Structures are given as C-alpha cells and as structure tokens.
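Structure record follows, encoded as structure tokens.
Below, each value reflects all heavy atoms present in this structure, side chains not excepted, and no hydrogens, waters or symmetry copies. As the structure is a prediction and not an experimental result, all values here were calculated from the model.
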Amino acid sequence: MTITVIVPTLNEEHEILECLESVAWADRRVVFDCYSTDRTVEVARQAGVEVLQHPFENFAQFHNAAMEQVEAEWILFVDADERCTPALAEEIREVTAGEGEEVLWWVPRHNYILGRLTRWAGWSPDYQARLLLRDRTRWERPVHEVAVADGPEGRL
C-alpha cells in the first residue's frame, strides 16, 4: 500500500520545510494550500513537493477537498507545525502493510506550549485522527472537525 502525506497550509513558510523533511519517507508528499501569501508554496516546491491550492471554507471541507483531489490509498494528514518521528513512520509502514481491518488510525501527539511539553490537562498524549484509508473515511463538522470512518479504528 502506498502512503501519501497531505500537509494543509496557510502561511507556513517558517514551519513547512522541517515538516516536509520529517515525512520524506512517504511515497508521496502533497502540500494542500489555501492560497498562502507568504513563501509557503515556493518553499514546498523547492523541496520537490507537489503543491495543490484550494479555497478554505472550513476544516472538514478542506480535508475532504484534499482527499478528493489527491489519488491515494492511505493518507496521513500532518499539520505544518507537526513532525513525524522515525518511530512513527516505521509504525505507519507496518500497519498499512499488514492484514488489519482498520481504516482509520489515531496518532498520539505531544503538544508544546511556549516550548514546554504539556503533559497534563488531558493533552498527553493527544490522539488525533490522522492516518486513513481515503475511500473509507470522510470529515464532518466545520470547526474541530471529526473523521468518520466506515470500518474499524485503531491507535498507534
């Protein structure tokens, strides 16, 4: 199975390169941009990454539009200010190559506020729906979007 990383962006020139480098292991990387006015698109293209642009209406619409425009089996959504560790990349490769029935995987995220890891207040780890089979998942709710899976879900 192939894995495509989609990075939704708006004015992320200071974050995008490090993010893209952290997902260089993926079969395909796509920056899905909502018409940034900074150098986000230029930096992504210089890094050899495909860039698509689409207007932003709300978060669910934007994620669904990305999935409609990007032909892929597995999609991993990664925000520009997030990084994918080598251990996470390895685990993603394992679960997408396996015989499991999961169509959506929740990924643990560590949140840093003012440079400090936030371990309390229910934010450690902060699981996010990020890895999904394109044809078996859709997004709902304009704000604080939720992934709705047509099948079993798992946690990495």
Side-chain angles (χ1 to χ4, degrees), residues 1-100 102-113 115 117 125-139 142 144-149 153-156:
M1 294 275 199
T2 60
I3 302 167
T4 298
V5 171
I6 297 177
V7 182
T9 59
L10 173 63
N11 296 333
E12 294 286 356
E13 72 176 298
H14 298 293
E15 297 285 351
I16 192 65
L17 186 57
E18 197 173 327
C19 173
L20 293 172
E21 289 171 349
S22 80
V23 293
W25 54 269
D27 300 304
R28 181 179 176 199
R29 297 174 295 166
V30 177
V31 166
F32 199 69
D33 184 74
C34 55
Y35 298 99
S36 291
T37 57
D38 68 355
R39 296 182 56 247
T40 299
V41 169
E42 177 185 344
V43 171
R45 286 189 176 136
Q46 287 176 347
V49 175
E50 181 180 352
V51 176
L52 301 173
Q53 291 186 300
H54 188 82
F56 180 88
E57 293 174 29
N58 63 62
F59 291 101
Q61 166 272 335
F62 199 68
H63 281 77
N64 287 328
M67 291 183 0
E68 289 171 12
Q69 290 189 34
V70 175
E71 191 67 34
E73 294 169 292
W74 283 96
I75 292 176
L76 173 65
F77 280 97
V78 179
D79 289 347
D81 64 347
E82 296 174 336
R83 307 295 177 259
C84 183
T85 65
L88 178 59
E90 183 178 329
E91 189 173 7
I92 288 170
R93 284 276 186 214
E94 288 173 10
V95 300
T96 57
E99 301 284 329
E102 291 85 0
V103 300
L104 172 70
W105 289 92
W106 292 76
V107 177
R109 177 175 68 179
H110 294 288
N111 293 289
Y112 289 82
I113 298 175
L117 177 60
D126 177 20
Y127 277 90
Q128 300 292 312
R130 293 302 173 98
L131 178 63
L132 53 95
L133 276 173
R134 176 183 174 262
D135 295 333
R136 305 278 305 272
T137 309
R138 70 183 186 288
W139 296 87
H144 302 294
E145 71 280 9
V146 293
V148 178
E153 301 176 16
R155 287 183 180 250
L156 299 180

Open item on the list: I need the minimum non-hydrogen distance between Ser22 and Cys84, along with the two atoms involved.
Closed with: OG-N, 3.0 Å

Task: Note, Glu145 side chain near Gln61 side chain (heavy atom, < 4.5 Å) - done: no

Task: Beyond-backbone contact of Gln128 with Asp126, side-chain heavy atoms, under 4.5 angstrom - done: yes

- [ ] Evaluate the side chain to side chain contact (heavy atoms under 4.5 Å, CB included) criterion for residues Arg138 and Asn64: first the C-alpha distance (whole Å), next the side-chain angles of each, then the deciding distance (0.1 Å), finally the verdict.
- [x] CA-CA 6 Å; Arg138 70 183 186 288; Asn64 287 328; 4.0 Å; yes

Task: Considering all heavy atoms, the nearest Leu156-Pro108 contact - done: O-CD, 3.5 Å

Open item on the list: I'd like to check Leu88 versus Trp25 (side-chain heavy atoms, cut-off strictly below 4.5 Å). Are they in contact?
Closed with: no

TODO: Just grab all the salt bridge (Lys or Arg N to Asp or Glu O under 4.0 Å) pairs involving residues 74-88, residues at least two apart or on different chains.
DONE: Glu15-Arg83, Glu18-Arg83, Asp79-Arg130, Glu82-Arg109, Glu82-Arg130

Open item on the list: Side chains of Thr2 and Glu73: any donor to acceptor distance under 3.5 Å?
Closed with: yes

Open item on the list: So, applying ring pair (Phe, Tyr, Trp, His ring centres under 6.0 Å) with Phe62, which one of Phe77, Tyr35, Phe56 is it?
Closed with: Phe56

Task: Close side-chain approach of Trp74 and Leu133, heavy atoms under 4.5 Å - done: yes

Task: Arg155 side, atom CZ; Leu131 side, atom CG - distance, nearest 0.5 Å - done: 14.0 Å

Task: Sub-4.5 Å side-chain heavy-atom contact between Leu20 and Val31 - done: yes

- [ ] For Cys19 and Ala80, work out which heavy atoms get closest and say how close.
- [x] CB-O, 3.3 Å

Task: Side chains of Val49 and Val7 in contact at under 4.5 Å (non-hydrogen atoms) - done: no

Task: Gap between atom CG of Leu132 and atom CD of Glu102 - 0.5 Å precision - done: 13.5 Å

Task: His14: partners by ring-ring contact (aromatic ring centres under 6.0 Å, His included), with sequence neighbours left out - done: none

TODO: Would you name the heavy atoms of Val103 and Thr137 that are closest together and state the gap between them?
DONE: O-OG1, 3.7 Å

Open item on the list: Please find the pair of heavy atoms, one from Pro8 and one from Val78, that lie closest to each other, and give the distance.
Closed with: CD-O, 3.5 Å

Open item on the list: When you measure from the side chain of Thr40 to the backbone of Glu13, do you find a donor-acceptor pair of N or O atoms at a distance under 3.5 Å?
Closed with: yes

TODO: Look at the side chain of Tyr127 and the backbone N and O of Trp105, then say whether any donor-acceptor pair between them is shorter than 3.5 Å.
DONE: no

Open item on the list: If you define the side chain from C-beta out and look only at heavy atoms, does anything of Asn11 sit under 4.5 Å from Thr37?
Closed with: yes

Task: Pairs where residues 25-35 contributes a residue and the test salt bridge (Lys or Arg N to Asp or Glu O under 4.0 Å) is met, not counting sequence neighbours - done: Asp27-Arg93, Arg28-Glu50

Task: Atom pair CD (Glu42) and CD (Gln46), whose distance is rounded to the nearest 0.5 Å - done: 4.5 Å

Open item on the list: Would you say that Ile75 contacts Met67 through its side chain, given a criterion of any heavy-atom pair below 4.5 Å between the two side chains?
Closed with: yes

- [ ] Taking all heavy atoms of Ala44 and all of Val51, pick out the closest pair and write down the distance.
- [x] CB-CG2, 3.7 Å

